[in-house]
Amino acid sequence: MDPETLYGVFDAVPGEPSEPGVAEPGTGPYGGDMPRPRYNIAPTTDNLVVRVRPAGEDDQPPVRRIDLLRWGLVPSWAKDPSVGNRLFNARAESVGEKPAFRRALARRRCLVPASGWYEWQKLAQGEATGGRGPAKQAFYLTPEDGSVLAFAGLWEYWRPAGADRGGDGDRGGDADPDGGDRDGTPADRTPIVSYTILTTASVGALQGIHPRMPLVLPASEWDAWLDPSREDVAELLEPPDEDLVAQLELRPIGTRVGNVRFDDPSLQQQVTPAPGAVGSDRTADGDLMLPLALP
DNA sequence: CCAGACGTTGTT
DNA sequence: GTCTGG
DNA sequence: CCAGACGTTGTT
DNA sequence: GTCTGG
């Protein structure tokens with residue numbers, strides 16, 4: 001997706017230029033560089049996220065802001081930020097009870113824009129291919145009308161122990177473009193603002209591919225999800241409506257998407273689905289699937 | 001009390 | 001930080 | 001999630 | 001097999 005379109009889609013503005021721990025997306029149409037569109041996003045990388053208020057400035061009217069946050073939520077109490085490497089998803093069914101996510105669910109919800117997402121369907125070991133056939137089929141799930149999706153997310157602020165420099169964002173504006181500090185402070189002492197994506201049970205045809213899916217929020221729920229004063233989000237944590245899922249294209253794609261060093265539009269090129277995969281006209285054994293006789 | 005976890009996915 | 005397990 | 005690494009002693 | 005990195 002084109003990152004610049006996101007400001008319009010989400011009625012958002014660029015984030016504060018000096019928020020510690022946040023890589024700058026740039027100001028886009030307001031005058032700076034935006035990150036290039038991405039086609040293969042991996043956990044631990046910085047990606048665009050929509051938030052209302054990155055830090056507690058309580059008086060100002062709510063403004064949606066877009067920043068680059070690290071995918072993989074690092075809890076504020078973590079001693080080592082690598083614990084966030086595995087916290088890139090949070091189950092919607094239990095997120096309110098997990099120590100790592102509970103506080104963020106109550107106070108720091110966010111939206112993660114995406115043009116779609118990838119999923120792997122595990123296939124029965126193909127006997128017809130002598131076991132050498134592909135054991136899995138990748139899919140790109142994307143709205144047929146090209147609209148932008150928003151995944152429900154949570155974000156968190158982490159500061160290394162002992163790093164005691166005060167300032168919650170608007171002071172000490174030393175906009176350091178690269179990760180490290182000028183004074184030689186290693187990167188593992190810099191603050192990190194990170195996020196996680198909620199998952200839920202798959203809906204409709206997606207169940208044939210994978211039992212889980214990201215919690216996709218319809219645009220009508222974006223405002224409520226982002227509103228930090230909203231107390232009861234149980235309704236928003238329910239799986240998406242079937243009609244939302246019915247608007248998605250389930251596009252079989254090649255296996256290169258599994259390797260993060262590939263990151264270009266060709267990853268989303270449609271391929272013939274493997275036998276037994278969703279959309280294939282052949283069974284897992286390679287036999288042609290015949291249409292059912294109608295009465 | 002202290003120590004240790006704190007999570008999800010998927011199980012050819 | 002807060003909860004669970006020993 | 002998938003891809004890729006996974007390690008020490010001792011230096012024949 | 002299991003962990004780390006992207």
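Values reported hereafter were calculated over all heavy atoms of this structure, with side chains retained and with hydrogens, waters and symmetry mates removed.
- The nearest whole Å value for the distance from the CG atom in L154(A) to the P atom in dG7(B) is 12 Å.
- Atom CG of L123(A) is separated from atom P of dT11(B) by 11 Å (rounded to the nearest Å).
- For dC2(D) and dT11(B), the C1' atoms lie 15 Å apart once the distance is rounded to whole Å.
- Interatomic distance, CG of D281(A) versus CG of D287(A), reported as 11.5 Å (0.5 Å rounding).
- In DNA chain B, the stems built from three or more successive Watson-Crick or G-U pairs (distances below 3.5 Å) are B:1-6 with C:1-6.
- OP1 and OP2 of dG1(C) both lie 4.0 Å or more from every side-chain N or O belonging to K98(A).
- Set against dT8(B), dG1(C), dC2(D), the side chain of W77(A) has dG1(C) as its closest nucleotide.
- Between L73(A) atom CG and L154(A) atom CG the span is 7.0 Å, to the nearest 0.5 Å.
- Minimum interatomic distance between E19(A) and D67(A) (heavy atoms only, all atoms of both residues): OE1-OD2, 4.3 Å.
- If you measure from atom CZ of R70(A) to atom P of dG6(E), you get 9 Å, rounded to the nearest angstrom.
- Nucleic acid contact class of Y118(A) (heavy atoms, under 4.0 Å, all strands): none.
- dC1(D) sits 10 Å from dT8(B) when the C1' atoms are compared, rounded to a whole Å.
- Distances shown here put a side-chain N or O of R91(A) below 4.0 Å from the OP1 or OP2 atom of dT9(B).
- Legend: residues meeting side chain to side chain contact (heavy atoms under 4.5 Å, CB included) with N40(A), ordered by chain and number and at least two apart, are Y118(A), V257(A), D263(A), L267(A).
- Note on S82(A): nothing from the nucleic acid sits closer than 4.0 angstrom, heavy atoms only.
- When heavy atoms are screened at a 4.0 angstrom cut-off, P43(A) is found touching base atoms of the nucleic acid.
- Taking the P atoms as reference points, dG5(E) lies 11 Å from dG7(D), given to the whole Å.
- Between R261(A) and dG4(D) there is a side-chain N or O to OP1 or OP2 distance below 4.0 Å.
- With dG7(B), dG5(E), dC6(B) as the candidates, the nucleotide lying closest to the side chain of K79(A) is dC6(B).
- No engagement by T196(A) is indicated, since no non-hydrogen atom pair under 4.0 Å with the nucleic acid exists.
- Distances from the side chain of T199(A) to the nucleotides dT8(B), dG7(B), dG6(E) place dT8(B) closest.
- Taking 4.0 angstrom as the limit, K122(A) places none of its side-chain polar atoms (N or O) nearer than this to OP1 or OP2 of dC1(D).
- Of the side-chain N and O atoms in N259(A), one or more sit less than 4.0 angstrom from OP1 or OP2 of dG4(D).
- Evaluation of F88(A) against the base of dC1(D) yields no stacking contact (centre distance < 5.5 Å, interplanar angle < 30° required).
- Residue pairs meeting the salt bridge (Lys or Arg N to Asp or Glu O under 4.0 Å) criterion with at least one member in residues 199-226 of chain A, sequence neighbours excluded: R64(A)-D223(A), E93(A)-R212(A).
- Note: R108(A) CZ to W155(A) CH2 = 6.0 Å, rounded to the nearest 0.5 Å.
- For the pair R86(A) CZ and dT8(B) P, the interatomic distance rounds to 12 Å; values are reported in whole Å.
- Atom pair R212(A):CZ and dG7(B):P shows a separation of 15 Å (rounding to whole Å applied).
- Using a 4.5 Å heavy-atom cutoff, the side chains of W222(A) and V9(A) are in contact.
- The interatomic distance linking R107(A) (CZ) with dG1(C) (C1') rounds to 15 Å, in whole Å.
- Going from atom CH2 of W117(A) over to atom P of dT9(B) covers 14 Å, rounded to whole Å.
- At the phosphate of dT8(B), OP1 or OP2 sits under 4.0 Å from a side-chain N or O atom of S94(A).
- Comparing dG6(E) with dA3(B), their P atoms sit 33 Å apart, to the nearest whole Å.
- Summarising the geometry of P240(A) relative to T200(A), their closest heavy-atom pair is CD-CG2, 3.9 Å, with the distance given to 0.1 Å.
- Side-chain contact annotation: Y140(A) with S115(A), donor-acceptor N/O pair under 3.5 Å present.
- The distance between atom CH2 of W71(A) and atom P of dC2(D), rounded to the nearest whole Å, is 12 Å.
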